[in-house]
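A quick write-up on the structure given underneath.
Please read these numbers as outputs of a predicted model, since none were measured by experiment. So that the names make sense, note that chain A is the first sequence line, chain B the second, and so on, each numbered from 1.
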Amino acid sequence: MRAMDVTPIIDPLNERQREAVTAPPGPLLVLAGAGSGKTRVLVHRIAWLVAAEGVSPLSILAVTFTNKAAGEMRARIEQMLGGPAGGMWVGTFHGLAHRLLRQHWQEAQLPQTFQILDSEDQKRLVRRVLKSLEMDEARWQPGHVQGFINARKEEGRRPRHIEDGGDPVRRQLVRIYTAYEAACRRGGLVDFAELLLRAHELLRDNESLLRHYRERFRHVLVDEFQDTNTLQYAWLRLLAGEHHRLFAVGDDDQSIYSWRGARVDNLQHFVRDFPGTLTVRLEQNYRSTGTILTAANALIENNAGRMGKELWTDGEDGEPIQLFSAFNEYEEAEFVVDRMRQLNRDGYARREMAVLYRSNAQSRVFEECLVAAGMPYRVYGGLRFFERAEIKDALAYVRLVRNPDDDSSFERVVNLPARGLGNRTLEQLRAAARDNQVSLRQAAGSLLGAGALPPRAAGALQGFLALLEDMAVEMGEQALHHQIDVVIRRSGLMEHYPQKEKGEKGEARVENLRELVSAARTFEGVEESAEMPLIDQFLAHAALEAGDAQGDEWDDCVQLMTLHSAKGLEFPVVFLSGLEDGLFPHKRALDDPSGLEEERRLCYVGMTRAMRALYVTHAESRRLYGSETLTLPSRFISELPVDCLHQVRPRGGLLPRAQSAPAPEENDGQALRLGERVSHARFGEGVVLNYEGSGAQARVQVNFEQAGSKWLVIGYANLQRC
DNA sequence: CACAGGTATGTTTTT
DNA sequence: CATACCTGTG
């Protein structure tokens, strides 16, 4: 390896990139701006370690957040090294944690057949736990409880570590958390956060294991470091141990996931926790035009407390950013689609153009417009293959066969398809399971043995248990796809869906079940490892890697996605839509400064996706939750330098020209108009945004400069126009 | 047990 | 406006 020619590794790099790639071992933080060759630096660093420093691939651990990123990185490393990077660990935090836990299930105090809960499974389990505690779901919303549990786990906290501080609500939450943990233990279940927490505890509390892995992974590399949460960073610190050979790449300006626990301040902590850290800034951008970068720099400049970075390019300035003000969301979409057709005619492929928006709901109008124009498109996001109900139903059978004590799966399929096992019988089962501290399956066995059930229910339950046993026998040692086939046939799911949902929907589900069989067949190519039978690997794969959202990948489609899912991607042409205060920045982020800054980073991410052309659009009126709302251009637009912008159709004033909404009721003899400035004795000055009702009930929505947005009854408010 | 009808609710998403 | 979820009825 050492003899390998290193010129292809360092030659294509600029000076800063080379500095990072060839740095001596030790803590290194790469602040990599958008489009500055972040992944390239990671990949080349690994190649450098192997080829120039003679590091064995066995001692390299590279972590990413998504399976996609991990796959790309692995592929590029192998390409660079000209062969498989045997023994290197490249994967997601969750994937690697899972690997550790499978290998050391005993030390981690897990059953060998532990199963992974995805977030939907987790929520269902929370529901069940709430029920068993006889707590009201309206008062204790499963989603909130789930968030609480995950947040605690991400802080590394078990129930016993949490002080309630005399807060009764918190005390109850801890109680639920405790019961939830017990339920997981009984069922041999591990949720996503638990994978990380367990893996962390495994290493932390196991001196010899920790020593082993520290000695093995002498080089740890992380991508998207700004997205790490507290636990993930703790995990990295633990592994980096004394050698401190941690190579982190990240960008504080692209931190857009604080709402799900990501801690940008880990970037600052890194420098503090690892004295002698070498910090390298990558600011040269290879993606966008000078104009786009100037505008993006100007925007992000409005954020405080940045680590400091300014993107530059030695390429062309390019065209100005085009700004379009539409009357409403339909005109906005028409403009975008129209431009895309034009650009398509001028030689841009459809796949080179993307429409970005803040929230998923915005895609609808674009889709309608694209359908009308006959332009193929692809919407990112949505349900992924292994998240579909029918797939999860089928896999629940498989899990239950593998692990009879998996109550979660038991509940899911015990009456699917309906076999006369209603809530009454289930309640009896749950009670028996709870009283004897056993699983539902075990409780079912003993209730049947004791003859404690009415004949009908007993028969049905007996049938279900027999079905599971038959399945187990029939699956035997067959090939994986055959085992899946047994499950979907014997379970009756194939007949169930078309019966329940007439027409296309039911057929689609059957089609997906067939697809599951072929997915299993494809999976058979994977090497069976000693520690894990193929079928369990398949189940883990289904939970950890939910697959693609849209099966039919069009050859050449216009791309539609949220700003969040656009991170990490690039497109020659980008349409940034819906830049309106309240939508983007989102209204729920407006009240706190840090929320607003994150929105601004989101906008920065969006802008820096564009390579050659960037369009920014907003509508002056938009239908939100059913009612027509007047909207003001996003403050982010005014933060862009005017000389970077070109108004596509400059228009004065706020009011739509033709279909101006009917005016609200009279006030001082004159009708108030939407968009008009008014003043209120208490709230001060503001702009009329919306109105509803008429006569004495007429109300207007006014966005006050100080007090924010309020609904006021015109008859009482005594608004003065100003 | 399935279905109909009512009501509450409405960012962003990966694992 | 749309949907998701809950409750009550047949």
If the cut-off is 4.0 Å, is [X] near the phosphate of [N], judged by side-chain N/O to OP1 or OP2?
X      : N      : result
A:Y625 : B:dT11 : yes
A:R588 : B:dT12 : no
A:N360 : B:dG10 : no
A:N67  : B:dT14 : no
A:S119 : B:dT13 : no
A:T66  : B:dT14 : no

Rounded to whole angstroms, how far apart are [atom1] on [X] and [atom2] on [N]?
X      : N      : atom1 : atom2 : result
A:L569 : B:dT13 : CG    : P     : 13 Å
A:L544 : B:dT13 : CG    : P     : 20 Å
A:K567 : B:dT15 : NZ    : P     : 12 Å
A:F192 : B:dT15 : CZ    : C1'   : 4 Å
A:L583 : B:dG10 : CG    : C1'   : 13 Å
A:Y380 : B:dT13 : OH    : P     : 13 Å
A:L356 : B:dT11 : CG    : C1'   : 16 Å
A:K68  : B:dT15 : NZ    : P     : 10 Å

Would you say the ring centroid of A:W89 lies under 6.0 angstrom from that of A:F217? yes
Looking only at the aromatic ring of each residue, does the gap between the centers of A:F584 and A:H618 stay below 6.0 angstrom? no
Base-contact (B) and sugar-phosphate-only (S) positions in nucleotides 2-10 of chain C, heavy-atom cut-off under 4.0 Å, - elsewhere: ----S----
Does the pair A:Y380 and A:Q559 meet the rule for a side chain to side chain donor-acceptor pair (under 3.5 Å), with working shown? CA-CA 7 Å; A:Y380 277 62; A:Q559 320 275 317; 3.0 Å; yes
Nearest-nucleotide wise, let me know which of A:R419 and A:A193 is further upstream toward the 5' end of DNA chain B. A:R419
Taking the nucleotide of DNA chain B with the nearest heavy atom to each, does A:A589 or A:N423 sit closer to the 5' end? A:N423
Mind checking if [X] touches a base, just sugar-phosphate, or nothing, with heavy atoms under 4.0 Å?
X      : answer
A:E194 : nothing
A:L590 : nothing
A:F584 : nothing
A:N415 : sugar-phosphate

Salt bridge flag under 4.0 Å for residues [X] and [Y]:
X      : Y      : result
A:D227 : A:K567 : yes
A:K392 : A:D121 : yes
A:R157 : A:E155 : yes

If you measure from the C1' atom in C:dC5 to the same atom in B:dT12, how many Å do you get, rounded? 22 Å
Expressed in whole Å, how much space separates the C1' atoms belonging to C:dT3 and B:dT14? 23 Å
With a cut-off of 6.0 Å (strictly less than), are more than 12 heavy atoms of other residues, nucleotides or ligands near CD of A:Q499? no
Check for me: is A:H564 stacked on B:dT12 by the 5.5 Å centroid and 30° plane-angle rule? no
Taking the six-membered ring of A:F114, is the NZ or CZ of A:R102 close enough (under 6.0 Å from the centre) and on axis enough (within 45°)? yes
When syn is taken as a glycosidic angle within 90 degrees of 0, is B:dT12 syn or anti? anti
Closest to side chain of A:S565, choosing from B:dT15, B:dA2, B:dT13: B:dT13
What are the two closest non-hydrogen atoms of A:V249 and A:A32, and how far apart are they? CG1-CB, 3.9 Å
